[in-house]
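This report refers to the structure that appears directly beneath it.
Because the structure is a prediction, the values reported are computed rather than measured. Both ligands and their constituent atoms are indexed starting at 1 by order of listing.
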Amino acid sequence: MDGGAGDQLQCSAAVERLNAAGQAIKRQVIRKATVLLGRNEFQEIIIRIEDGKVPQSYVLKEFKLFTKFVKEGKCTVQLLPENIQLLISNCPPDQLNVFLKTLSIKHQAWQTLKPLTYRDKLKAALPRSFETISPLQQRDVQKANELRSKATSKGLADRTNNTMRTVPGQQVKRPRSDCDFSPANPSKRPVLSLPAARKLNKEQAAVLTAVLSGKNVFFTGSAGTGKSFLLKRIVGSLPPKSTYATASTGVAACHIGGTTLHSFAGIGSGAAPLEQCIELAQRPGVLPHWTLCRHLVIDEVSMVDAPLFDKLEAIARSVRRSTEPFGGIQLIMCGDFLQLPPVSKGKEKAAFCFQARSWRKVIQVNMELTEVRRQTDQSFISLLQAVRVGRYCHTLMESAYHKIERDGILATRLCTHKDDVELTNENKLKQLPGSEHVFEALDSDPSQVKTIDAQSPVSRALQLKVGAQVMLTRNLEVERGLVNGARGVVLGFEPGKQGLPRVRFLCGATEVLKRERWMFKVGGGLYVSRQQLPLKLAWAISIHKSQGMTLDCVEISLARVFECGQAYVALSRAKTLEGLRVMDFDPRVVRADPDVLLFYKQLRKERLLMQVGVES
Ligand SMILES: Nc1ncnc2c1ncn2[C@@H]1O[C@H](COP(=O)(O)OP(=O)(O)OP(=O)(O)O)[C@@H](O)[C@H]1O
Ligand SMILES: [Mg+2]
């Protein structure tokens with residue numbers, strides 16, 4: 001199911017006929033279209049648009065692709081000789097990605113075949129046919145790459161600049177497009193490869209299937225079982241216009257490329273009475289969220305409290321004028337209730353959202369991921385499992401002597417209190433000799449700075465010095481170990497005006513970091529962006545901010561742990577026991593909430609009953 005087989009799209013489509021100046025003179029809109037990729041009787045590639053009535057087919061010979069907005073489920077295919085363009089929108093982004101890659105590679109591989117002349121075709125007299133295209137294979141990729149290298153070695157690309165051969169023996173003009181897939185200049189393009197999506201495991205695939213069946217799904221699992229990883233894949237498999245990816249905290253939202261649940265809902269802190277919240281939810285910038293949303297995705301749901309959940313459910317029914325649970329919005333939620341609980345207001349313990357009145361009415365399927373992916377060492381996994389359910393483990397005491405400093409990279413201290421984090425980072429930076437380099441962020445809309453700050457993993461101003469301990473805040477190159485959470489130290493600054501920092505990472509790589517761009521959804525479906533170096537100071541971070549992260553080397557002082565699940569969240573960030581040092585250990589801080597343990601016990605019992613029911 002990972003993005004589909006690449007032979008079809010479910011989307012909205014518009015077919016435009018263009019005049020010589022490239023303006024649309026006729027336009028047909030198909031709101032619910034299926035776009036298919038196939039071959040005709042001569043093995044030529046056909047793109048076919050179905051609207052449930054008469055399909056339209058076009059032979060794909062020469063085309064331009066516009067793919068800048070694939071992540072938002074949009075692209076344009078311009079068929080050059082026909083002067084027709086096909087505008088695709090609201091397509092699940094992963095599906096579109098695989099489709100375009102299939103189209104591009106199959107088309108290039110097809111160019112290696114001997115072309116049929118018009119006479120050949122007449123002579124062949126084959127019956128007309130349409131067969132859906134087969135999934136991409138390594139041999140297609142190989143053929144396409146052969147063609148690329150031939151074109152390069154002949155100097156074809158350089159000689160003809162923007163022209164290339166689409167059909168051997170026949171040279172044609174090929175204008176530039178903004179496409180990653182189109183072979184406009186083979187010599188400058190990387191070698192093609194099969195789509196590199198990391199595969200879901202069986203459990204994850206089962207959850208995706210349940211989600212695509214339209215049910216309201218809650219899935220849970222220990223830290224590192226790939227809940228957020230799967231959630232990203234789920235978001236990529238749903239139509240973007242009606243899918244809202246959210247999380248209970250800004251940091252967690254950023255991991256899945258979404259917004260906070262609060263900014264989706266538009267009801268401030270949510271503390272106002274229901275009637276007032278319903279009014280707030282109908283403000284112009286917010287109302288479309290509620291009316292357009294058909295799939296609401298929520299990560300780190302353990303931090304959503306019961307009153308908020310009930311309120312959102314009631315708002316959805318009221319605003320959408322529907323009596324269905326959650327106003328008919330499909331809910332897809334995940335989290336681990338044995339991690340951080342909702343923030344309590346005052347002395348009273350906050351109720352979990354599974355204790356909300358509407359929870360049972362809303363959730364139709366409960367699922368659990370059991371295979372831990374963050375850690376590989378079985379004994380460390382077992383230790384973490386014990387801590388998760390509130391059992392103290394002696395091995396942790398031994399970790400107090402772990403020497404985890406290497407190549408000038410120190411352990412990151414995970415703190416229970418936010419103030420400690422800021423103080424530690426500020427003081428440590430001050431203590432370093434040398435001058436401070438300040439990197440200011442570039443925000444697309446400075447009036448939205450508060451919204452950006454709440455969701456961005458990088459700050460408005462980043463202060464660095466040689467020797468500063470830093471952490472990567474984005475996946476740059478997964479294969480080289482340059483991943484979100486990777487730890488490093490600043491070695492120096494490049495000469496020149498920008499003075500970009502050179503950082504050595506624990507994985508061994510040394511890298512000069514450039515500004516990256518983050519996009520954030522704000523009210524009314526608008527996007528704003530922040531450009532900043534993908535770094536933050538890493539002498540210390542808070543346990544709350546570390547929720548959801550995978551970290552290289554951490555040091556934890558557990559003496560001041562004050563929440564159930566907090567010790568587990570902190571410990572489970574480490575990939576290995578060797579990369580972990582626990583100090584000030586107090587066995588009493590390892591606590592699991594009894595309400596959660598009971599809820600999980602109940603869930604398991606129900607699932608077992610269901611399985612027995614299915615088998616018998
Ligand atoms: N199917 C998969 N293939 C490859 N890597 C995976 C897969 N599933 C998860 N991972 C990796 O495992 C690590 C943990 O995944 P993830 O952060 O999604 O776990 P989680 O369940 O959300 O954890 P937490 O409860 O701490 O938020 C990540 O580095 C992720 O890339
Ligand atoms: Mg997660």
Side-chain angles (χ1 to χ4, degrees), residues 1-3 94 195-209 217-237 245-258 260-261 297-304 332-341 367-377 380-381 384-385 387-388 414 457 471-487 507 541 543-552 554 565-576 579-580 592 596 600:
M1 273 286 185
D2 291 358
D94 287 0
R198 288 185 287 173
K199 271 215 150 28
L200 299 179
N201 66 20
K202 252 189 173 169
E203 298 172 327
Q204 292 170 326
V207 174
L208 180 58
T209 306
V217 179
F218 161 65
F219 63 96
T220 185
S222 321
T225 45
K227 298 183 294 295
S228 305
F229 178 90
L230 169 60
L231 220 46
K232 263 193 263 177
R233 201 59 73 79
I234 288 172
V235 173
S237 308
T246 73
S248 55
T249 69
V251 182
C254 197
H255 285 169
I256 60 162
T260 60
L261 181 58
V297 173
I298 313 176
D299 197 3
E300 300 290 6
V301 78
S302 71
M303 292 180 78
V304 175
I332 301 132
M333 302 199 289
C334 82
D336 177 12
F337 288 112
L338 288 166
Q339 294 185 40
L340 289 176
M367 299 180 97
E368 188 178 8
L369 303 180
T370 59
E371 192 188 331
V372 175
R373 310 289 302 236
R374 182 172 292 135
Q375 295 88 9
T376 49
D377 170 10
F380 187 35
I381 292 176
L384 291 175
Q385 293 298 349
V387 172
R388 181 170 183 256
L414 290 182
M471 177 182 289
L472 210 50
T473 54
R474 157 168 283 186
N475 284 348
L476 293 183
E477 270 181 83
V478 177
E479 309 76 41
R480 287 177 63 207
L482 296 176
V483 294
N484 201 344
R487 278 299 325 277
C507 59
I541 58 171
I543 296 180
H544 270 81
K545 285 240 159 124
S546 79
Q547 173 134 316
M549 292 178 108
T550 304
L551 300 174
D552 279 336
V554 282
Q566 206 175 13
Y568 174 58
V569 168
L571 298 168
S572 59
R573 298 310 102 198
K575 283 196 277 197
T576 59
L580 175 69
V596 177
Y600 276 167

| Test item: Y568 side-chain N/O and A223 main-chain N/O as donor-acceptor pair under 3.5 Å | yes

| remark: Quick look: Q204 vs ligand 1, heavy-atom contacts under 4.0 Å, and the answer is side chain

| field | Identity and separation of the nearest protein heavy atom to atom 27 (O) of ligand 1 | value | G548 CA, 3.3 Å

| field | H255 and ligand 1 - part of the residue with a heavy-atom distance under 4.0 Å | value | neither

| said: What protein heavy atom lies closest to atom 15 (O) of ligand 1? Include the residue and the distance to one decimal. | reply: G226 CA, 3.5 Å

| said: With the threshold set at under 4.0 angstrom, would you say G221 reaches ligand 1 through any of its heavy atoms? | reply: no

| T576 side chain to G579 main-chain N or O, any donor-acceptor pair under 3.5 Å? | yes

| query | So, S228 and the Mg ion (ligand 2): N/O/S under 2.8 Å, yes or no? | reply | yes

| said: Quick check on Q339 - does any of its heavy atoms sit under 4.0 Å from an atom of ligand 1? | reply: yes

| If we only count N/O pairs under 3.5 Å, is T225 in contact with ligand 1? | yes

| Closest protein heavy atom to atom 29 (O) of ligand 1, given as residue, atom name and distance to 0.1 Å | T550 OG1, 4.0 Å

| task | Please round to the nearest 0.5 Å and tell me the distance separating atom CD of Q547 and atom CE of M303. | result | 6.0 Å

| Okay, side chain of T220, backbone of G335: is any donor-acceptor separation there less than 3.5 Å? | yes

| message | Yes or no: does M549 have any heavy atom under 4.0 Å from an atom of ligand 1? | response | no

| Which residue supplies the protein heavy atom nearest to atom 11 (C) of ligand 1, what is that atom called, and how far is it? | R373 CB, 4.1 Å

| message | Once rounded to the nearest 0.5 Å, what's the spacing between atom CD1 of I298 and atom CD1 of I332? | response | 9.5 Å

| field | Closest approach of any protein heavy atom to atom 17 (O) of ligand 1, naming residue and atom | value | R374 NH2, 3.2 Å

| Are any side-chain N or O atoms of R233 and backbone N or O atoms of F229, one a donor and one an acceptor, separated by less than 3.5 Å? | no

| request: State whether the shortest distance between N or O atoms of A223 and N or O atoms of ligand 1 falls below 3.5 angstrom. | output: no

| query | For ligand 1, which atoms, with element, lie under 4.0 Å from some heavy atom of K199? | reply | 1 (N), 2 (C), 3 (N)

| task | Return yes if some donor-acceptor pair links the side-chain N/O of E203 with the main-chain N/O of T370 below 3.5 Å, else return no. | result | yes

| Distance, nearest 0.5 Å, that separates CZ of F380 from CG of L580 | 5.0 Å

| Counting heavy atoms only, which part of R573 comes closer than 4.0 Å to ligand 1: side chain, backbone, both or neither? | side chain

| query | Taking Q375 for the side chain and A574 for the main chain, is one N or O donor matched with an acceptor at less than 3.5 Å? | reply | yes

| Looking at CZ of R373 and CG of L230, how far apart are the two atoms once the value is rounded to the nearest 0.5 Å? | 11.0 Å

| Among all protein non-hydrogen atoms, which one is nearest to atom 5 (N) of ligand 1, and what is the separation to 0.1 Å? | R198 NH1, 3.6 Å

| message | Tell me whether F229 has any N or O atom under 3.5 angstrom from an N or O of ligand 1. | response | yes

